[in-house]
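To find a chain, count down the sequence lines: A is the first, B the second, and so on, and within it residues start at 1. As the structure is a prediction and not an experimental result, all values here were calculated from the model.
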Amino acid sequence: MAAYQKKLEGFSGNIRVRMAPSPTGALHIGTARTTLFNWLFARSKGGTFILRIEDTDKERSRPEYEKNILDGLHWLGLDWDEGPDIGGEYGPYRQSERTQLYKEHIEKLLQDKKAYFCFCPKETLEAQKQDAESRGEVWRYPGTCRDLSESEIKQNQKDKKHSVIRIKMPNKKLSFKDIIKGESSFDLSLFGDIVIAKSTEEPLYNFAVVVDDHEMQISHIIRGEDHYSNTPKQMVIYEALGWQPPEFAHLPLILGQDKSKLSKRHGTTTSIDDYKNQGYLPEALINFIVLLGWHASGDREIFTINDLQQEFSLERVQKTGAVFNAEKLDWLNNNFLKQKPIQEIVEFLLPFFMREGINLGKFESTYVQKAILASMEKTKGVNEIIKMSEIFFRETEYEKELLIWKESTEEITKDKLEKSLDALRLFDEITFNKESYEQKLKEIYGEDKGSVLWPLRVALSGRKVSPGPLEIIEVKGVNSSTMCIEKAIAKLEK
RNA sequence: GGUCCCAUCGUCUAGCCUGGUCUAGGACAAUGCCCUUUCACGGCAUAAACACGGGUUCGAAUCCCGUUGGGACUACCA
């Protein structure tokens, strides 16, 4: 922490951070979180936030995933100052469009003899590796092609031998200071000469990132801890290119129930899209993911994205991975949902009702609002609200047995319903009010509230779980409620 | 296996840097009670942790060492 303070004080120049997702799948919750942390860091420090698409893997990258990622990020409320969709001074912002740039730098490394062509067949290397492992030894590239002569290289190329480009790994220890994790050192010789490109036009991740981060003048790299051991390799590339590396901050990972890195096999929803479709609010997701590895100094846990811009600091980021806890997300979601003004809630719920075959547009908007408000009093989450409020938007079927309260009988139930109906008829849409009607009902039920209120509930909702019967009448109105009760009585006559 | 990282309630965490105020605080979940026409919502309450072992110190959750445990990485993926 103290180290971090010092670092920031010592840091002069513009703060420029980036998020660099690869479009090989839909927006993942981990990607969203890393983006949030970068964004928050930039916004809280008056820096610039850049979005870059890492699509060097031609096999797996898809334009539709890129779109999904950008859309998802926007949905969460995150924006960027430079990116593939809006451009910027340091573009292009897709690695696939930066090939020429990588080529120049690879060629420079080749010229400087800091990198070299390797013609070793993959199979040979694979065999060596197998062999070493079977003896319990650690394999690393033996440097076979490290000192090939100019003419040997020419000949190999003429023979159209398959090649890759490796960087010469210095034989030394390298240490670096991570803003979150502190200092640690690595023995570079253990890595061997790593492959940095398949060809001068096909750079690999470790190389392309370095070139881009440097060219885009990134000041702080904030990324997942799974990149931690890539850092020394990348620093070697910075060094070979004669560049000053940026600051690093490695975020702890989001973990599954078994404490390993969260992935699909955990059965947890990982795609932001799916959360959206399941009725989660962006506010809830943001609040939830920021708490996975970060915490304010006090007890406060509810934050909007705006609050976070004030509160956030890298120094308070955890070193340990955080197990994903869906229950807390649900709680947060409910919290944010209930805080919203009713108009917004209705608007938000619209597509979910539609999915259930209910078109809210067909109802009067005050009716919809009243119905949803009444339903929300007893629910948690979108699905429950929809289920609960369904009774206001379409007829619900039920068995007549459901009408009968505890030890009661059909006759008694029918009698109570008829009396309740008569009492209800004393009112019209204007004069109805809960209190007066409840007075009348009291005369009917005497000591046994349930004997009247239960059949009424079922008659009005067709459910055993619903808003209170009086509340339902308030929403539905006297006429419609009267019809429901008549229907129930008819059921009992059969 | 090797390299590196990490270790407070079931989970997310406050506290750790700058040792005493910690009989370790909050939140989610759990349990109980209240509210109540059922289910729920809500309110209140309870239970629940410094991985272990050595040091250092008058004093350690906090500093040091070790053990154990967990994780990440170990691609011609990113």
Please state whether the phosphate of [N], meaning OP1 or OP2, lies under 4.0 angstrom from any side-chain nitrogen or oxygen of [X].
X: K319(A); N: rC6(B); result: yes
X: W331(A); N: rC28(B); result: yes
X: K129(A); N: rA75(B); result: yes
X: K233(A); N: rC73(B); result: no
X: R316(A); N: rG15(B); result: yes
X: K378(A); N: rG42(B); result: no
X: K198(A); N: rC77(B); result: yes
X: Q257(A); N: rG10(B); result: no
X: K380(A); N: rA29(B); result: yes

What does [X] touch in the nucleic acid at a heavy-atom separation under 4.0 angstrom: a base, only the sugar-phosphate, or nothing?
X: G293(A); answer: sugar-phosphate
X: K122(A); answer: base
X: E137(A); answer: nothing
X: H227(A); answer: base
X: P232(A); answer: nothing
X: N230(A); answer: base
X: T56(A); answer: sugar-phosphate
X: K464(A); answer: base
X: R463(A); answer: nothing

With rounding to whole Å, what would you report as the distance between rC33(B) and rC73(B) at their P atoms?
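rC33(B) and rC73(B) have their P atoms separated by 47 Å.
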So, do F176(A) and E183(A) sit near enough that their side-chain heavy atoms are less than 4.5 Å apart?
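No, side chains not in contact.
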Sort out the partner of [N] for me: Watson-Crick or G-U wobble, both distances under 3.5 Å, none otherwise.
N: rA51(B); value: rU67(B)
N: rU18(B); value: none
N: rU3(B); value: rA72(B)
N: rG42(B); value: rC34(B)
N: rG59(B); value: none

What nucleotide among rC76(B), rC28(B), rC12(B) has an atom nearest to a side-chain atom of E301(A)?
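Of rC76(B), rC28(B), rC12(B), rC12(B) is nearest to the side chain of E301(A).
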Using whole Å, report how far CD1 of I194(A) lies from P of rA78(B).
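Those two atoms, CD1 and P, are 12 Å apart.
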Side chain of T31(A), backbone of L27(A): donor and acceptor closer than 3.5 Å?
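Between the backbone of L27(A) and the side chain of T31(A) there is no qualifying donor-acceptor contact (under 3.5 Å).
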Looking at K416(A) and E418(A), is any side-chain nitrogen of the basic one under 4.0 Å from a carboxylate oxygen of the acidic one?
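No, no charged N to carboxylate O under 4.0 Å.
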Hey, is E66(A) close enough to R94(A) for a salt bridge, meaning N to O under 4.0 Å?
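Looking at R94(A) together with E66(A), the answer is yes, because their closest N to O distance falls below 4.0 Å.
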Tell me, please, whether F312(A) has R316(A) positioned over its six-membered ring: NZ or CZ under 6.0 Å from the ring centre and within 45 degrees of its axis?
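No - R316(A) does not lie over the ring of F312(A) by the 6.0 Å and 45° rule.
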